[in-house]
2 protein chains.
Amino acid sequence: MTDTTAIKVGETSRRAVGRDGVLDIAARLFREQGYGSVSLRKIAEAAGIKAGSIYYHFGSKDEIVAAVLDAGIQVVHESMREAVTALPSDTDGETILRTAIRAHLRALLDVSDYTSANVRIFGQVPQPVRDANLPTRRAYEAEWDRLLSRLQNDGALKHDVDIRQLRLMLIGTLNATLDWFDPNRGSADALSRTYADVFLNGILERQDT
Amino acid sequence: MTDTTAIKVGETSRRAVGRDGVLDIAARLFREQGYGSVSLRKIAEAAGIKAGSIYYHFGSKDEIVAAVLDAGIQVVHESMREAVTALPSDTDGETILRTAIRAHLRALLDVSDYTSANVRIFGQVPQPVRDANLPTRRAYEAEWDRLLSRLQNDGALKHDVDIRQLRLMLIGTLNATLDWFDPNRGSADALSRTYADVFLNGILERQDT
DNA sequence: CAAAGTACCTAACATATGTTAGTTAGGCAG
DNA sequence: CTGCCTAACTAACATATGTTAGGTACTTTG
């Protein structure tokens, strides 16, 4: 539980939102409206506090954004790693890749405002903030590269595909979903199956059927 | 040629940039820095004029952005349509799709600041501006849907792939390239080949080889 | 050559924004 | 009860930004 101490002001009793509360709201607003449209006053209003109060928890707006960005990658990174680790050790390559794709898409579309906010606003934040997020990103990318390389060495993937290129294409495709996905029209799981089908087998009609 | 009338101010003679010149520079800045970071004063400075002068050509900042967005789609739309139309009438489905992919990627990465600016900033602009760009977008999307449907009806593509879904996935994948592509590390054409290979045949090692 | 038009400039205004300084109030350890 | 910590609040400042009004200079047209 977050340590939310109750505070009485005047007659009504307010609940302290605290650092985590502010961060949650910031992540949601960033995901919904992008970086530039979300001012500290908007975040404060949504959190039920005043703009200046944010500076009790954070040193600057950039610090908030940086925290959101880092958390966003960490969530999807752990989701993906745990989903793959939880598989039986004799799982075939195709299933492993499908599992990783599904985990990434779930974090992005279902689970985390932080992950979706990261994907949405990374290209909009000032460069110092972007740079600060890079190490965390690289760690997640390395996780994918290890996974894909393992599958390729095991003979599951074609040997002539470039791992880095494939990873960029994969994550790029998954993340692009955020621009159009409507939870009322489909589920992350169904979509991840479609994606995996295309990536694994292609869309070309085969002669050998 | 653009109708650039020469203007003498003081001793040095300046070249009038005009509406098109301002638009070109705006597109480039939007592509490089995103929507929020590009002020009218930045555009003006890059164009060699003063901020207020922009209002001789445009009624508002939104009008500039809207013009950039529309032009961006129109360029890639015409590129793609013409590239496909230029093919011999007996061209096979695979080649047609490869051609369309290459045309889109060229417009995005090589040719047009307008197209890349559109992809980059569409998610950042105020909603009225986004809405104004929607008809142009829908026309381009319809072009893709027609193309893909034709290929599917001709038996080139699997019958169980949803055209809308495939189009979203395809364009999403291509556009995501903008986030990481480095022209010094690869060409749009080479990349379009890689993309097409994956989309057409998948990455799974086949048993029948 | 005068008039009209084009493409700019200067200066200012209102607003929004990130940020800071100083203040207030409840909870709790001594 | 006192004093400290936490978590807020109020008010203000400097800056950046979109925008407007009125003026200037060069070009083209009648």
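- Applying the side chain to side chain contact (heavy atoms under 4.5 Å, CB included) criterion to A:A132, with sequence neighbours excluded, gives no partner residue.
- Rounded to whole Å, atom P of C:dA25 lies 17 Å from atom OH of A:Y56.
- A close approach under 4.0 Å does not occur between any side-chain nitrogen or oxygen of A:S53 and OP1 or OP2 of D:dA7.
- To the nearest angstrom, C1' of C:dT6 lies 17 Å from CD1 of B:I54.
- Cation-pi geometry between A:K61 and A:Y35 is satisfied (NZ or CZ under 6.0 Å from the ring centre, within 45° of the ring normal).
- The distance between atom CD of A:E45 and atom C1' of D:dA8, rounded to the nearest whole Å, is 17 Å.
- Atoms CZ (A:R19) and P (D:dA8) sit 13 Å apart, rounded to a whole Å.
- Every pair passing ring-ring contact (aromatic ring centres under 6.0 Å, His included) that includes a residue from residues 102-124 of chain A is listed here, sequence neighbours excluded: A:H104-A:Y140.
- If you measure from atom CG of A:D20 to atom P of D:dA7, you get 10 Å, rounded to the nearest angstrom.
- In terms of phosphate contacts, B:H57 brings no side-chain nitrogen or oxygen within less than 4.0 Å of OP1 or OP2 of C:dT6.
- Regarding B:K50, its NZ atom lies at a distance of 15 Å from the P atom of C:dA12, rounded to whole Å.
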Tabulate atom names and distances for all N/O pairs under 3.5 angstrom spanning the protein and nucleotides 14-18 of chain D.
from, atom 1, to, atom 2, distance (Å)
D:dG18, OP1, B:K61, NZ, 2.8
D:dG18, OP2, B:L40, N, 2.8
D:dG18, N7, B:R41, NH1, 2.9
D:dG18, O6, B:R41, NH2, 2.9

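- Rounded to whole angstrom, the span from the CD1 atom of A:I49 across to the P atom of C:dG26 amounts to 18 Å.
- Residues meeting the ring pair (Phe, Tyr, Trp, His ring centres under 6.0 Å) test with B:H57, sequence neighbours left out: none.
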Validation: residues 45-54 of chain B side-chain donor-acceptor distances under 3.5 Å, sequence neighbours left out:
from, atom 1, to, atom 2, distance (Å)
B:S53, OG, B:K50, O, 3.3

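- With sequence neighbours excluded, no residue forms a side chain to side chain donor-acceptor pair (under 3.5 Å) with A:N201.
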